[in-house]
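Notes to accompany the following structure.
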Amino acid sequence: MPAPPRIAILSHHTGLYSTRRLLDAVAAAGAEPVLLQPEHCLLMLDNTAARLYYRSSLLAPCTAVIPRVGGPLTHLGSRLLRFFAGEGSCCLNSAESLELSRDKFASLQVLVAAGIAVPKTAYFTQMGQRDLAVSAVGTPLVHKLLSGSQGVGVSLAETDIAARGMLDTFLHLQHEAMVQRFLPGRHDFRMIVLFGEVVAAMRRDASAEDFRSNLHCGGRASALLDLPEDFAAIARLSAASLGLGFAGVDIMLAENQRPLVLEVNPVPSLEGIEGITGQDIAGTLVKALLQQALSPSLQPRL
């Protein structure tokens with residue numbers, strides 16, 4: 001009897017809901033789950049050979065890989081994904097797509113080039129450009145860290161004076177800044193895209209105490225049962241433009257009701273959307289990944 005396929009899950013936080021759900025889904029699909037904490041991996045290059053040690057043992061080949069690496073481990077995660085891709089593993093998201101989508105401004109540049117509308121956004125590195133950025137974007141505006149998720153690193157400035165003071169601080173600390181026009185609506189839409197199809201969607205509403213709609217910031221959510229086709233088309237194109245096999249695409253309506261993409265998350269949480277929609281997204285993901293991995297002609301070129 002042939003050995004079952006091995007699916008590696010790269011995750012620092014082994015007790016997180018998403019990690020546990022994926023491990024269970026891999027086992028339920030008849031595959032062998034392989035949990036790898038990225039910081040315990042050692043990559044070795046020797047002549048024309050590449051090897052990966054986990055803790056002190058040489059890692060056996062894996063059929064497929066699911067990256068669940070947070071922002072601080074993006075570069076480590078991408079190096080591991082390059083190793084796995086070189087070994088012939090089917091990676092849910094590639095190293096290049098992970099790094100690109102984790103850069104909030106670079107990813108928006110790619111979306112705009114693909115004809116996808118985004119909020120008015122400015123990126124700059126010099127104090128002398130601060131006033132031009134504030135004037136061009138307009139207040140209220142939000143400052144976003146170039147890497148971050150779950151609403152962390154997003155700050156609101158409602159006036160020009162507040163914006164200039166906030167940007168002085170960020171430019172001093174990190175020597176770059178990204179500001180974006182604040183959209184007045186208090187809700188947005190999260191769509192989960194898997195290999196070119198929207199498999200789940202929800203609406204998120206900000207709480208009365210916070211302008212951010214992220215569930216980790218106290219936002220509330222409801223299943224989006226009648227997903228507008230233009231939303232689905234934008235979500236599919238956004239994920240494809242960034243080369244992502246799996247992604248969470250966030251859309252918000254502008255004042256004129258035009259849908260704008262706020263950002264694309266390469267490692268979206270499963271907890272909120274599975275709980276809200278009742279869908280087995282982890283199981284759907286694992287089955288689709290196995291189909292891709294075991295049918296080479298179906299593997300996407302990401």
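All of these numbers come straight from a predicted model, not from anything done at the bench.
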**Message:** Between Arg190 and Arg204, does the side chain to side chain contact (heavy atoms under 4.5 Å, CB included) criterion hold? Intermediate values first, please.
**Reply:** CA-CA 7 Å; Arg190 159 65 63 90; Arg204 303 183 299 188; 3.8 Å; yes

**Message:** Can you tell me how far apart SG (Cys62) and CD1 (Ile7) are? Round to the nearest 0.5 Å.
**Reply:** 9.5 Å

**Prompt:** Are Val65 and Leu81 close enough that some pair of their side-chain heavy atoms sits under 4.5 Å apart?
**Reply:** yes

**Request:** Please report the closest heavy-atom contact between Val110 and Ser241, naming both atoms and the distance.
**Result:** CG1-O, 3.5 Å

**Prompt:** Side chains of Ser97 and Ser94: do they bring a donor and an acceptor to under 3.5 Å?
**Reply:** yes

**Asked** When Ile, Leu, Val, Met, Phe, Trp and Tyr are grouped by side-chain heavy atoms lying under 4.5 Å apart, directly or through other members, which residues fall in the same group as Leu45?
**Response** none

**Fill in**
Output for pair (Asp103 CG, Thr74 OG1), nearest 0.5 Å, gives 10.0 Å

**Message:** Check for me, please, whether Val267 and Leu108 land in the same ILVMFWY cluster - side-chain distances under 4.5 Å, paths through other members count.
**Reply:** no

**Message:** Counting neighbours of CG on Asp226 that are heavy atoms of other residues, nucleotides or ligands and sit closer than 6.0 Å, is the number greater than 12?
**Reply:** no

**Message:** Treating Ser89 as the side-chain partner and Ala85 as the backbone partner, does any N or O pair qualify as donor plus acceptor under 3.5 Å?
**Reply:** no

**Asked** When clusters are formed by joining ILVMFWY residues with side-chain heavy atoms under 4.5 Å apart, either directly or through shared neighbours, do Leu237 and Leu111 land in the same one?
**Response** yes

**Request:** May I ask you to say whether Arg203 pairs ionically with Asp188, meaning some side-chain N is under 4.0 Å from a carboxylate O?
**Result:** no

**His40 atom NE2: more than 12 heavy-atom contacts under 6.0 Å** = yes

**Asked** Any link between Phe84 and Leu42 through a network of hydrophobic side chains (Ile, Leu, Val, Met, Phe, Trp, Tyr) touching at under 4.5 Å?
**Response** no

**Request:** Report the relative orientation of the aromatic rings in Phe189 and Phe231; use parallel for angles under 30°, tilted for 30 to 60°, perpendicular for over 60°.
**Result:** perpendicular

**Prompt:** Which is it for Met191 and Ile234 under the side chain to side chain contact (heavy atoms under 4.5 Å, CB included) test, yes or no, and what are the steps along the way?
**Reply:** CA-CA 10 Å; Met191 276 141 288; Ile234 291 169; over 6 Å; no

**Ser107 vs Glu263 side-chain heavy atoms within contact, under 4.5 Å** = no

**Asked** For Gln180 and Lys144, does a side-chain donor sit closer than 3.5 Å to a side-chain acceptor?
**Response** yes

**Asked** For the side chain to side chain contact (heavy atoms under 4.5 Å, CB included) test, which of Leu73, Val69, Leu76 pairs with Leu10?
**Response** Val69

**Prompt:** Where is the tightest heavy-atom contact between Leu167 and Ala177, given as atom of each residue plus distance?
**Reply:** CD2-CB, 3.9 Å

**Prompt:** Are any non-hydrogen side-chain atoms of Leu92 and Pro67 less than 4.5 angstrom apart?
**Reply:** yes

**Asked** In terms of side-chain heavy atoms, does Thr19 have a donor or acceptor partner in Arg68 at a distance below 3.5 Å?
**Response** no

**Side-chain donor or acceptor of Asp250 paired with backbone N/O of Val264 under 3.5 Å** = no

**Complete:** Between Pro266 and Arg102, the two heavy atoms sitting closest are CG-NE, 4.0 Å

**Fill in**
Hits for side-chain contact (heavy atoms from CB on, under 4.5 Å) against Asp24, two or more places apart or cross-chain, chain-then-number order -> none

**Message:** Measuring only between side-chain heavy atoms, which start at C-beta, is Gln279 closer than 4.5 Å to Ile273?
**Reply:** no

**Prompt:** Taking only residues two or more places apart in sequence or in another chain, which ones pass ring pair (Phe, Tyr, Trp, His ring centres under 6.0 Å) with His12?
**Reply:** none

**Message:** I need the Ile66 CD1 to Leu22 CG distance, nearest 0.5 Å.
**Reply:** 5.0 Å

**Message:** Keeping Thr63 on the side-chain end and Arg6 on the backbone end, is there a donor-acceptor pair under 3.5 Å?
**Reply:** yes

**Request:** Check for a donor-acceptor pair, side chain of Asn93 on one end and backbone N or O of Leu98 on the other, with a separation under 3.5 Å.
**Result:** no

**Request:** Look at the side-chain heavy atoms of Ile, Leu, Val, Met, Phe, Trp and Tyr, link any pair under 4.5 Å apart, and say whether Val261 and Val112 land in one connected group.
**Result:** yes

**Ion pair Glu229/Arg236, N-O distance below 4.0 Å** = yes

Extract all donor-acceptor atom pairs below 3.5 Å that involve side chains of residues 51-59 and protein atoms in other chains or at least two apart in sequence.
from, atom 1, to, atom 2, distance (Å)
Tyr54, OH, Gln37, N, 3.0
Arg55, NH2, Gln37, OE1, 3.2

**Request:** Report the C-alpha distance between Leu145 and Phe170 in whole Å, list the side-chain angles of each, state the deciding distance to 0.1 Å, and finish with yes or no for side chain to side chain contact (heavy atoms under 4.5 Å, CB included).
**Result:** CA-CA 9 Å; Leu145 298 180; Phe170 282 111; 4.0 Å; yes

**Prompt:** Under a 4.5 Å cut-off applied to non-hydrogen side-chain atoms, are Pro38 and Leu80 in contact?
**Reply:** yes

**Message:** Minimum heavy-atom separation for Ala122 and Val137, please, with both atom names.
**Reply:** CB-CG2, 3.8 Å

**Asked** Can you tell me how far CG of Leu183 sits from CG of Leu262, rounded to the nearest 0.5 angstrom?
**Response** 6.5 Å

**Request:** State plainly whether the residues Arg20 and Glu271 are in salt-bridge range, i.e. N to O under 4.0 Å.
**Result:** no

**Request:** Kindly check if the number of other-residue, nucleotide or ligand heavy atoms within 6.0 Å of CD (Glu158) is above 12?
**Result:** no

**Message:** Using every non-hydrogen atom in the two residues, find where Leu141 and Val134 come nearest and quote the distance to one decimal.
**Reply:** CD2-CA, 4.3 Å

**Message:** Would Phe124 and Glu176 count as a side chain to side chain contact (heavy atoms under 4.5 Å, CB included) here? Give the steps.
**Reply:** CA-CA 6 Å; Phe124 58 103; Glu176 63 179 354; over 6 Å; no

**Message:** List the residues meeting ring pair (Phe, Tyr, Trp, His ring centres under 6.0 Å) with Phe105, not counting sequence neighbours, and say none if there are none.
**Reply:** Tyr123

**Item:** Ser18 (side chain) donor-acceptor with Leu270 (main chain) under 3.5 angstrom
**Value:** yes

**Asked** SG/Cys41 to CZ/Phe83 distance, rounded to the nearest 0.5 angstrom?
**Response** 9.5 Å

**Request:** Would you mind reporting whether Arg130 and Asp168 have side-chain heavy atoms less than 4.5 Å apart?
**Result:** yes

**Request:** State the CG-CG distance between Leu242 and Asn265, to the nearest 0.5 angstrom.
**Result:** 11.5 Å

**Asked** Is it the case that Ser78 and Glu99 place a side-chain donor and acceptor less than 3.5 Å from each other?
**Response** yes

**Message:** Using the rule that Ile, Leu, Val, Met, Phe, Trp and Tyr join whenever any side-chain heavy atoms are under 4.5 Å apart, tell me whether Ile192 and Ile9 fall into a single cluster.
**Reply:** yes

Donor-acceptor pairs under 3.5 angstrom involving side-chain atoms of residues 280-289: please list them, not counting sequence neighbours.
from, atom 1, to, atom 2, distance (Å)
Asp280, OD1, Arg21, NH2, 2.6
Asp280, OD1, Gly283, N, 2.8
Thr284, OG1, Asp280, O, 3.0

**Request:** Compare every heavy atom of Ala221 with every heavy atom of Ile276, then report the nearest pair and how far apart it is.
**Result:** CD1-O, 3.5 Å

